[in-house]
Protein chains: 2
Amino acid sequence: MMPPRTLASAAREPDPSRRNNLSLLTSLVHHHGVLSRAQLTRHTGLNRSTVGTLIGQLVALGLVYESAPAGEGQVGRPSPNVHPSPSVAALAVNPEIDAVTIGLVSLGGKVQKKIRFDTERIPSAREAVNIAAAVIAGMRSELDASYRITGIGMAVPGLVNRDDGVVRHAPHLGWRNEPVARMLSEAAGYPCQAANDASLGAEAELLFGAGAGQGNLIYLNGGASGIGGGIISDGQLLRGASGYAGELGHTFVRSGGKTCHCGATGCLETEVSQSRLLELAGLTRGDTADLEKALATSSSAEVNDEVARQLMFLDIALRNAVNIFNPEAIVLDGFLGTLYALAPESLDRVLLSQAMDGPAGQVKIYRAALGSDLMMIGAAELAFTPFLADPAGLGTTTRTAPAAG
Amino acid sequence: MMPPRTLASAAREPDPSRRNNLSLLTSLVHHHGVLSRAQLTRHTGLNRSTVGTLIGQLVALGLVYESAPAGEGQVGRPSPNVHPSPSVAALAVNPEIDAVTIGLVSLGGKVQKKIRFDTERIPSAREAVNIAAAVIAGMRSELDASYRITGIGMAVPGLVNRDDGVVRHAPHLGWRNEPVARMLSEAAGYPCQAANDASLGAEAELLFGAGAGQGNLIYLNGGASGIGGGIISDGQLLRGASGYAGELGHTFVRSGGKTCHCGATGCLETEVSQSRLLELAGLTRGDTADLEKALATSSSAEVNDEVARQLMFLDIALRNAVNIFNPEAIVLDGFLGTLYALAPESLDRVLLSQAMDGPAGQVKIYRAALGSDLMMIGAAELAFTPFLADPAGLGTTTRTAPAAG
DNA sequence: GCACAATTGTTCTAGACACAAACATATTGC
DNA sequence: GCAATATGTTTGTGTCTAGAACAATTGTGC
């Protein structure tokens, strides 16, 4: 019953051990930026000669390139540096209430291009997809000429089923059950995956930002449209059964609080909000940067009270999270970073005294480091992940002649 | 041609791929109990012939044995069943406020022996270790004759640093900074690891109990000494930076609540407690079984109110946990299982309406299934884990001489 | 009952791969 | 310059898994 064998076009399957080792090396280079061959040998524990052949294969595939050794300081033969190829890249898409941002991120986490398309009103899923597809179509000739695209990653502020890329509910965008990944994939012609924006932010901060190197971190982002969270445990993003995990914005922090749009009462997101701060600071419209400036210079008692109140609720949520996760780091982004900057010692102290001895002992709070590139890097990681799991697999998908970086 | 080579005493290191495959097979057999060779072939995706040689090696090592095929129903040559060897076993130790329980659990999760040693007062760490060591010494000749022991696992109700086996703080036992793993290891002569009891309970329920087969579950246990929790995410126990993760008993559920022994206010553990229920039910002393009987037959309004109150707080904690983890299952043990049994539909309904759409959609609540064997199985898993990671490695460690103590 | 299909264990062979050893190369320190 | 050190490179070897061919065992159709 066996016809000759599987179709000849099928990619040559390498042994799992080879695939695993290539994946390991590529991931290291991607996440560290530059590493010497000797460093790679030490990090992987592989043999010198093995690393040699593996790097050779990666170079032949065009995934990394080697440069002349730095050549100073060390005794012994200098080891060439291995860089991620800038021509391997992923597309990133981030729809928000007032814009759709499209980015091009190359291996190594470098944002090569970022295009923010402002919208007059909140975009529908279809509109967001069309905008993204149009921008990508515009870049198409450049992409085909100079890049190998691993796919598209989409960061959506809402509940996203990571398995099928369906947005279950994005309250601030007003989306419900939108299969955005499939829509964008069909419209743009690249494979696409979607996930919650804060989860991707957590991943980006873990790999390239404030939490670099930590295995356990909590990322909390406060924006115009609420509070999102992402949790990294043991180096892995917490996904949950469908990829909905991480909704720390709906932590219970107050008995008898207002009803949240999620249906419950006393959620962190309803008690701690940027809009209330903006209002008190006398800013009718403004972003996080404006807010920070206003709050730092304000001496109004009303403002100070509100800041203290919000810090108290933030503390309850963080205490909870620390007890549950025992993280090494907490990364605060957006206006939550602003709040923390206003009174860092108070939050540090309260957390230390109120959370349990063990978990609180080591935790450190950081402000986010990646700024506006964060979402692009996080979303791109979504498209890099399958590629990193089998770097040689992309070889078969290679598009027309690339130019060297 | 062959220079000295590495010292002859060094264990023969198999290739990582062989080790990995042996580990995979052994874990499957351990967690499923019995599997046919054909099933193993399908589950692992390995070749028939490869599975053959691997099973052969495991049989030679005495880790599994084969039995005659069931021989019915299926067309084709019958495939022999592969069983975990009952002679491979781990020791389990669980100190509590009124007893120390020592168990012997064999591969496959079967509790072969369980000895409960009642204590007149709360045991100190030294006393608990001495009791365990004495019981193990008593079993020593039997262990040496009929078992291969992978090690000792200890389940402690408190914060345990999993890396070094130090109990940071066990409030109900009154232990602080006790290096119990090292102490017991020295006293009993077997390698020992320690972890939080509820975390191990979660793992046991995942592998052998109510949550079998689920990748994401939350386990909550309510006992005489408070509420402990364990979280399984993507098939892995959440450990956190030091293994302290999972303290769901200290989730914030009430503004202005009493101060908990942990230093914070409004913890789940202070609002939902077994002792208050026992009191109202008129039981001066009693365990969970007594309580369940009393509550089910009681018609006192006072009791009903208290049950409703506790259910409300439990719901807040569960809602939080569901939003954060997006689990498939919640497993309630101890008196929390009792509470749930009293009004299952109310908890189900509230959870569905108050938690966010996505995460709550799929979650199911179960009562724990393993009963009193739970802690033994969970603690033993602690000692099985390193063995399962390298099953062939144990062969070299096989004991013959008993003297160690 | 007997032939045939279906499924699985068994044996043998070949290809892939990582490692170790020996050799080559490049830099530091004296 | 020369030794010491560290690393790239080349070559051979042992291990391991997949695949093919064959054997064994059961169900099914006539």
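In what follows, chains are A, B, ... by sequence order, proteins preceding strands, each numbered from 1.
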What is the distance, rounded to the nearest whole Å, between atom CG of A/Leu46 and atom C1' of D/dG8?
16 Å
Would you say a side-chain N or O of B/Ser17 is under 4.0 Å from OP1 or OP2 of D/dT17?
yes
Pick out the pairs of N or O atoms, protein on one side and nucleotides 10-14 of chain C on the other, that lie under 3.5 Å.
residue	atom	partner	partner atom	Å
C/dT10	OP2	B/Arg37	NH2	2.4

For A/Leu46 and A/Thr41, what are the C-alpha separation, side-chain angles and deciding distance, and is it a side chain to side chain contact (heavy atoms under 4.5 Å, CB included)?
CA-CA 6 Å; A/Leu46 294 171; A/Thr41 305; 5.9 Å; no
In whole angstroms, the gap separating P of C/dT7 from CD of B/Gln39 amounts to 15 Å
Interface residues of residues 23-35 of chain B with DNA chain D (non-hydrogen, below 4.0 angstrom):
none
Without decimals, in angstroms, what is the distance between A/Asn20 CG and C/dA16 P?
19 Å
If you check the A/Val75 side chain, which of D/dT7, C/dA6, D/dA4 turns out closest?
D/dA4
Atom CG of A/Leu54 and atom P of D/dG8: how far apart are they, to the nearest Å?
13 Å
Between B/Phe208 and B/His30, is a ring-ring contact (aromatic ring centres under 6.0 Å, His included) present by the stated rule, with each step listed?
CA-CA 10 Å; B/Phe208 301 106; B/His30 171 48; 5.4 Å; yes
Is the distance from OP1 or OP2 of C/dT7 to the nearest side-chain N or O of B/Ser79 less than 4.0 Å?
no
Do A/Arg18 and A/Leu54 make a side-chain contact, defined as non-hydrogen atoms from C-beta onward lying under 4.5 Å apart?
yes
Please determine, by modelled atom types, if A/Ser17 and A/Asp15 share a side-chain donor-acceptor pair under 3.5 angstrom.
no
B/Leu40 vs B/Ile55, side chain to side chain contact (heavy atoms under 4.5 Å, CB included): CA-CA, chis, key distance, verdict:
CA-CA 10 Å; B/Leu40 287 171; B/Ile55 297 286; 3.7 Å; yes
Measure from CD on B/Gln74 to C1' on D/dA24 and round the result to the nearest Å.
16 Å
A/Arg48: salt bridge (charged side-chain N to carboxylate O under 4.0 Å, His left out) partners, not counting sequence neighbours
none
D/dC16 OP1/OP2 closer than 4.0 Å to side-chain N/O of B/Arg19
no
Pair B/Asp163, B/Arg239 - check salt bridge (Lys or Arg N to Asp or Glu O under 4.0 Å), show working.
CA-CA 10 Å; B/Asp163 297 327; B/Arg239 297 190 35 175; 3.0 Å; yes
To the nearest angstrom, the CD1-C1' distance between B/Ile55 and C/dG9 comes to 12 Å
For A/Gly215, does its backbone N or O pair with a side-chain atom of A/Glu328 as donor and acceptor, under 3.5 Å?
yes
When you look at B/His83 and B/Val64, which way does the side chain to side chain contact (heavy atoms under 4.5 Å, CB included) test go after all the steps?
CA-CA 5 Å; B/His83 305 255; B/Val64 305; over 6 Å; no
Rounded interatomic separation in angstrom, taking CG from A/Leu40 and P from D/dA6:
18 Å
Is there a side-chain contact between A/Asn21 and the phosphate of C/dC17, meaning an N or O under 4.0 Å from OP1 or OP2?
no
For A/Pro80, report the nucleic acid contact type (base, sugar-phosphate, nothing); a contact means any heavy atom under 4.0 Å.
sugar-phosphate
In whole angstrom, give the distance that lies between atom CD of A/Gln57 and atom P of C/dC17.
7 Å
